[in-house]
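Numbering of residues begins at 1 and proceeds along the displayed sequence. These numbers come from a predicted model, not from an experiment. Atoms within each ligand, like the ligands themselves, are counted from 1 in listed order. No hydrogens, no waters, no symmetry mates; every other heavy atom, side chains included, goes into these values.
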Amino acid sequence: MKLRDFYRIIMFVIAVMVFTICVTSCSSEGVDNQAGTVSVLDNGLALTPPMGWNSWNIFQADINELKIKQTADALVDSGMRDAGYTYLVLDDGWMAEERDSEGRLVADPNKFPNGMKAIGDYIHSKDLKFGIYEDRGHSTCQQLPGSFQHEQTDMETFAAWGVDYIKLDSCFAESNGRLSTEDYAIYRKYIDKTGRPIVLSISDFGNGAWAWGGKEWAQLWRTSGDIYPWMDSVYYCADTSAGDHSIHPAFNGLWQFAGPGHWNDPDMLQVGNMANDVENKAHFSLWCILAAPLMAGNDLRSMSDSVKNILTAPEVIKVNQDARGIQGYKVYDSGDQEIYNKPLQDGTTAVLLLNKGSEPADITITWDKIGLSGSQKVRDLWARKDLGNYTDSFTAHNLGQHGLMLIKVGSKGKPLPAPAPVPLDKYTVTDSGTTYMSDLYYIWKSGNSPKSDKNYNNNKISINGKKYNKGLGCKDDTRVMYKLNNKADRFEAVVGLDDAYSGSNTGRFRIYNEDFFGNRVLFDSGNMDKGSSAKNIDLDVKGIKCLLLVFEGDNVLGNWANALAIAIK
Ligand code: GAL
C-alpha cells in the first residue's frame with residue numbers, strides 16, 4: 001500500500017470517528033445573519049477573515065520558543081505580515097501537564113523556559129498578534145489541561161499574557177454537561193470581562209455553529225474535521241463550507257451564515273505542505289474565494305519562493321479580504337469542474353474556475369450566472385494581467401487536474417446584488433400551529449440525508465402495516481438538526497423500521513437538545529427491529545433552539561413518521 005493511500009484510509013477513519021463522537025447544532029433567537037450584515041457580536045474584530053499562522057499543521061505539538069520566535073521573524077522577513085498575516089497562533093502542546101498551585105495554566109518549562117508572556121511580548125514586538133490554543137473539555141486533544149471549570153482564570157491569564165486570539169477546541173467537551181451554546185457563552189462572558197479585544201475561534205469539528213448561533217460569541221467556527229495535505233482532504237474541507245456535506249442542498253453551502261465578524265472556517269491552510277504548487281494554488285484559491293480564514297500552516301523558515309509568492313499573491317488575497325464580506329458560492333458544479341462567484345465591494349466580481357477532474361478541461365462562465373451581461377472586462381488575478389473584454393462569457397482553456405483560473409469580471413461601480421439567502425421560514429419554525437420537519441430544510445447533517453415524506457427507497461412510509469403521508473425516511477446513519485428557534489412547544493413523531501426492510505438488523509432513534517456535546521438526550525428508542533411496535537413520541541421542546549434527530553443502523557431503513565413541531569401561541 002502506498003503511503004498516500006494509507007494516509008487516506010487514516011483520514012477517512014478519523015473523519016468517521018469525529019462525526020460519530022460529535023454531532024450537533026441548534027439555533028439562535030432572532031434573524032439569522034446574511035452575507036454583508038454585521039454580527040450580533042459586534043465588537044469590530046475580524047471584519048474580514050482573520051489571517052495569520054498556526055503551528056498545528058506543520059509541527060503538531062512539537063513547538064518551542066525558538067521555533068515560534070523564528071516563525072515570527074519569518075512572518076516579517078517573508079513579507080507575509082505586510083500581506084496581512086498578523087495572528088501568530090500557538091496550537092496544542094504549549095502548556096505544562098499541570099496547572100500551578102493557584103490553578104493557573106503554565107507554559108511547558110522545557111519548551112518555553114521564559115513563559116508565555118515572553119513569547120507574547122516577542123510576537124508583539126514584531127507588530128504581530130498573539131494567538132493561543134485551549135480546549136473547553138477537561139483536557140486538550142493532546143491530554144494537557146483543558147479549561148473546563150477554569151474558564152474565568154484562563155481567560156484572565158490569557159489577557160494578562162497579551163493574547164489577541166483564542167482557538168477553543170472541543171475534545172472531551174461531551175462530558176461537560178453543557179450545550180455548546182452554554183459553553184461558548186461562558187467563554188465570551190469572561191473574555192469580555194477582561195476588557196481585552198480577543199478573537200474567539202470555535203474549533204468543534206464542524207458541528208453546526210452556523211446553526212446554533214456561533215456568531216453571538218465567536219468570530220469564526222470550523223465547518224470540518226481536520227485538514228490534511230492532500231487534495232481529497234482539501235476538497236472535502238472546502239465542500240463542508242461550499243457544498244452540501246453539512247447542510248441541506250437548498251442552501252448551496254454555508255455562504256449565507258458568513259459575513260464581517262463571523263466566518264465559516266474549513267480549517268487552516270496546508271499551502272506549502274501540498275505535493276506541488278498546482279495543488280498549493282488550488283487550495284489557496286478556494287480558501288480565498290470562500291472568504292475562509294487564512295491561517296498558514298507551513299514551515300515559514302524554509303518555504304520556497306514559489307510558496308511564498310502563492311501565500312502573498314496580492315490580488316488573490318484581496319478577494320479573500322474584500323470588505324463586503326460575501327462568501328463565494330458555487331454557480332456550477334459538474335462533479336469534476338466547479339465555478340465559484342464572489343461579488344466584491346467595488347462592483348466587480350471574482351470568479352474561480354477549477355478543474356478537479358483528472359482529464360484536461362475547458363470551463364466556461366456565462367455572465368448570466370454572475371449577474372452580468374454584454375461585454376465585460378476580465379482580469380487574471382494570479383497573473384495580475386488584464387485579459388481584455390469578453391462578451392457574454394469567458395472560457396478558461398485546457399485546465400489540467402487541479403488547474404484553475406481566478407478572474408475578476410466587470411467594472412467598478414455599484415456593487416452587484418448578492419444572491420438571495422434561504423429565508424428563515426424555510427428552515428425554522430416561525431408559525432404558530434403545526435410544522436412538519438419534512439417541510440423544513442435541515443440546518444446541519446452528518447451521514448445520509450433523509451428523504452422527505454418517503455421512506456429511504458422513495459416509497460410510501462410504512463410502519464407495522466400503517467402508511468404515513470408525512471415524515472422523514474432514513475437509512476443507516478442519518479443525523480439531522482432542525483431549527484425550532486425557541487418557537488415550538490411540542491415535538492411529535494412515530495418511529496419504527498420501515499416495512500420494506502426485511503432483514504434482522506436493528507435501528508435506534510435518538511433526539512438531542514441541540515447537539516452531541518451537550519449530551520442532553522430527550523428520547524431514546526433503544527434498539528428496534530422488524531418486529532418492534534412503532535413508538536410514539538410527544539416531547540416538551542419549549543425553549544429549545546435546535547433539535548437533533550439521530551437514526552443509527554446498519555443497512556436498515558427507519559422512519560420518523562409524522563415528525564412535527566407544534567407552536568401554541
Ligand atoms: C484538533 C483540532 C486541530 C488541532 C488539534 C490539537 O481537535 O481540530 O486543529 O488543534 O486538535 O490537538
Side-chain angles (χ1 to χ4, degrees), residues 7 10-24 50 52-64 67-68 87-97 105 108 111 131-148 154 158 163 165-176 180 183-184 187 199-209 214 218-230 233-234 236-238 240-241 245-246 263-271 273 283 287 292-298 446 515-517:
Y7 278 139
I10 295 285
M11 192 185 96
F12 177 71
V13 171
I14 291 172
V16 169
M17 279 167 55
V18 164
F19 274 116
T20 311
I21 296 168
C22 329
V23 181
T24 317
W53 178 89
N54 175 298
S55 53
W56 184 254
N57 282 351
I58 187 70
F59 298 131
Q60 287 82 55
D62 186 16
I63 48 177
N64 59 44
K67 273 185 186 166
I68 295 302
Y87 290 103
L88 193 166
V89 184
L90 278 67
D91 208 286
D92 209 353
W94 62 264
M95 56 179 87
E97 284 176 13
L105 290 166
D108 180 319
K111 294 174 169 178
I132 213 160
Y133 166 103
E134 240 300 1
D135 190 288
R136 62 185 171 121
H138 55 72
S139 300
T140 73
C141 300
Q142 300 300 305
Q143 313 269 355
L144 294 164
S147 262
F148 180 56
D154 290 355
F158 291 160
V163 165
Y165 180 114
I166 300 170
K167 169 174 169 180
L168 194 60
D169 215 355
S170 302
C171 280
F172 308 106
E174 61 277 8
S175 39
N176 288 2
S180 290
D183 238 346
Y184 285 106
Y187 287 93
V199 169
L200 182 60
S201 157
I202 293 180
S203 178
D204 71 346
F205 326 114
N207 274 278
Q219 282 77 21
L220 59 157
W221 47 78
R222 287 274 289 276
T223 61
S224 71
D226 287 5
I227 191 168
Y228 295 89
W230 45 84
S233 173
V234 166
Y236 177 84
C237 289
T240 59
S241 183
H245 279 298
S246 322
W263 307 101
N264 293 309
D265 174 12
D267 206 5
M268 302 168 297
L269 293 170
Q270 291 283 6
V271 173
N273 303 331
H283 175 13
W287 263 237
L294 299 179
M295 302 302 287
N298 56 323
S446 129
D515 64 10
F516 279 105
F517 285 120

Using the six-membered ring wherever Trp is involved, compare the ring planes of W94 and F158 and label them parallel, tilted or perpendicular (cut-offs 30° and 60°). perpendicular

Kindly write out the residues that satisfy side chain to side chain donor-acceptor pair (under 3.5 Å) with K111, not counting sequence neighbours, or none if the list is empty. none

Just jot down the side chain to side chain donor-acceptor pair (under 3.5 Å) partners of W53, sequence neighbours excluded, or say none. none

What is the ring orientation for W287 with H283, classed by angle as parallel under 30°, tilted 30 to 60°, or perpendicular over 60°? perpendicular

Test side chain to side chain donor-acceptor pair (under 3.5 Å) applied to D183 - qualifying residues, sequence neighbours left out: R136, N176, R178

Is there any protein N/O under 3.5 Å from an N/O of ligand 1, and what does the full list of such pairs look like?
| residue | atom | partner | partner atom | Å |
| --- | --- | --- | --- | --- |
| ligand 1 | 7 (O) | D169 | OD1 | 3.3 |
| ligand 1 | 7 (O) | D169 | OD2 | 2.8 |
| ligand 1 | 8 (O) | R222 | NH1 | 3.1 |
| ligand 1 | 8 (O) | R222 | NH2 | 3.2 |
| ligand 1 | 8 (O) | D226 | OD1 | 2.5 |
| ligand 1 | 9 (O) | K167 | NZ | 2.8 |
| ligand 1 | 9 (O) | R222 | NH1 | 3.4 |
| ligand 1 | 10 (O) | D91 | OD1 | 2.7 |
| ligand 1 | 10 (O) | D91 | OD2 | 3.3 |
| ligand 1 | 10 (O) | K167 | NZ | 3.0 |
| ligand 1 | 11 (O) | D169 | OD2 | 2.9 |
| ligand 1 | 12 (O) | D92 | OD2 | 2.8 |
| ligand 1 | 12 (O) | Q142 | NE2 | 3.2 |

Between F172 and H138, is the ring centre distance below 6.0 Å? yes

